[in-house]
Amino acid sequence: MIFDQIWREERKRNKLQRSYDKDIKKLGDAKKFRDAANLREEADHFIHEADEELDFLRSRKLVTKAIELQVPRPDFKDETSWTRWGENGYVLTDKGFDELRLSHYEISK
């Protein structure tokens with residue numbers, strides 16, 4: 001279920017990226033550089049939002065797996081392992097992902 005959500009979000013993000021890249025290239029070819037720069041800024045904003053959504057979904061998937069395997073998770077107070085996401089959520093940082101993946105690996109040996 002969560003895998004399907006991640007897959008859909010990745011496809012949506014990639015489609016968005018391709019669409020923006022295509023439109024930005026057209027503007028560049030037409031020498032409308034200011035419009036292209038504005039569109040690039042808009043694209044960066046929406047791509048960043050899509051990446052944040054993917055980080056949240058991947059984080060949720062990994063934490064769910066950790067719960068299933070009874071692997072200890074980083075404490076939510078550890079700001080090097082977690083970052084706030086929205087009003088009520090947390091997302092693993094790169095350090096948090098690495099630690100949890102290592103825990104999964106050590107348990108599955």
Side-chain angles (χ1 to χ4, degrees):
M1 191 175 335
I2 187 81
F3 176 78
D4 291 338
Q5 286 178 300
I6 293 171
W7 182 81
R8 278 190 219 99
E9 284 298 318
E10 286 174 340
R11 284 187 51 118
K12 188 165 69 171
R13 184 231 181 262
N14 292 337
K15 183 177 179 181
L16 183 67
Q17 179 77 56
R18 285 190 306 272
S19 175
Y20 271 114
D21 288 346
K22 180 180 167 186
D23 292 343
I24 290 166
K25 182 176 178 353
K26 283 181 186 177
L27 288 171
D29 291 346
K31 305 217 184 294
K32 295 182 179 180
F33 301 116
R34 182 168 293 195
D35 292 341
N38 290 339
L39 192 58
R40 169 55 57 203
E41 190 173 315
E42 179 184 311
D44 289 345
H45 170 76
F46 287 113
I47 302 287
H48 179 73
E49 283 184 350
D51 287 340
E52 285 182 336
E53 181 68 24
L54 279 166
D55 286 345
F56 174 75
L57 291 171
R58 289 176 181 135
S59 181
R60 192 170 87 188
K61 178 182 176 188
L62 191 57
V63 169
T64 300
K65 189 68 171 175
I67 292 168
E68 289 173 8
L69 296 174
Q70 297 179 346
V71 173
R73 298 174 312 277
D75 185 10
F76 286 112
K77 294 176 186 172
D78 180 3
E79 293 180 0
T80 63
S81 295
W82 296 97
T83 188
R84 295 283 283 157
W85 191 81
E87 293 182 21
N88 300 320
Y90 287 91
V91 175
L92 288 165
T93 62
D94 290 340
K95 178 183 177 265
F97 270 109
D98 291 344
E99 288 176 1
L100 213 44
R101 283 188 196 115
L102 184 59
S103 296
H104 281 137
Y105 174 75
E106 288 173 357
I107 294 253
S108 64
K109 277 194 204 176

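Note that the numbering runs from 1 along the sequence shown for the chain. The structure displayed is predicted, hence computed values, not measured ones.
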Q: Using the ring of Y90 (Phe, Tyr or Trp, six-membered ring only), decide whether R84 places NZ or CZ under 6.0 Å from its centre and within 45 degrees of its axis.
A: yes
Q: Is S19 reaching over with its side chain to a backbone N or O of K15, donor-acceptor style, under 3.5 angstrom?
A: no
Q: If you round to the nearest 0.5 Å, how far is CD of E99 from OG1 of T93?
A: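 With rounding to 0.5 Å, OG1 (T93) is 7.5 Å from CD (E99).
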Q: Provide the closest heavy-atom pair for V71 versus S103 in the form atom of the first, atom of the second, distance.
A: CG1-CB, 3.1 Å
Q: Find out whether R40 and D21 are in side-chain contact, i.e. whether some heavy atom of one side chain is under 4.5 Å from a heavy atom of the other.
A: yes
Q: To the nearest 0.5 Å, what is the distance between CD on E52 and CG on L57?
A: 12.0 Å
Q: Between W82 (side chain) and P74 (backbone), is there a donor-acceptor pair under 3.5 Å?
A: yes
Q: Does I6 share a hydrophobic cluster with L16, counting links as ILVMFWY side-chain heavy atoms below 4.5 Å and allowing steps through other members?
A: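 Different clusters.
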Q: Does the side chain of L92 come within less than 4.5 Å of R58's, by heavy atoms?
A: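 No - every pair of side-chain heavy atoms lies 4.5 Å or more apart.
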Q: Can you get from W7 to L54 by hopping between Ile, Leu, Val, Met, Phe, Trp and Tyr side chains that sit under 4.5 Å apart?
A: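 No; tracing contacts between hydrophobic side chains, which count when under 4.5 Å, never links both residues.
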Q: Under 3.5 Å, is there a donor-acceptor pair between the E10 and N14 side chains?
A: no
Q: Answer yes or no: is there a side-chain heavy-atom contact under 4.5 Å between R101 and D98?
A: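 Answer yes - side chains close enough.
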Q: Determine whether more than 12 heavy atoms belonging to other residues, nucleotides or ligands lie under 6.0 Å from atom CD of E79.
A: no
Q: Any chance you could measure I47, atom CD1, to E49, atom CD, to the nearest 0.5 Å?
A: 10.0 Å
Q: Using a 6.0 Å cut-off, check whether atom CD of E41 has over 12 heavy atoms from anything other than its own residue.
A: no
Q: With a 4.5 Å limit on heavy-atom distance, are the side chains of K26 and K22 in contact?
A: yes
Q: With a cut-off of 6.0 Å (strictly less than), are more than 12 heavy atoms of other residues, nucleotides or ligands near NZ of K25?
A: no
Q: Would you give the length of the straight line joining atom OG1 of T80 to atom CG of D94, rounded to the nearest 0.5 angstrom?
A: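 Reported value, rounded in 0.5 Å steps: 11.5 Å.
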Q: Of E53, R60, K61, which meets side chain to side chain donor-acceptor pair (under 3.5 Å) against Q5?
A: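 Passing option: R60.
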Q: Should F33 and Y20 be counted in the same cluster of Ile, Leu, Val, Met, Phe, Trp and Tyr side chains packed under 4.5 Å apart?
A: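 Looking at the clustering, Y20 is in a separate group from F33.
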Q: How long is the straight-line distance from CG of L62 back to CG of L100, given to the nearest 0.5 Å?
A: 4.0 Å
Q: Please step through side chain to side chain contact (heavy atoms under 4.5 Å, CB included) for the pair D78 and K95, ending with a clear verdict.
A: CA-CA 11 Å; D78 180 3; K95 178 183 177 265; 3.8 Å; yes
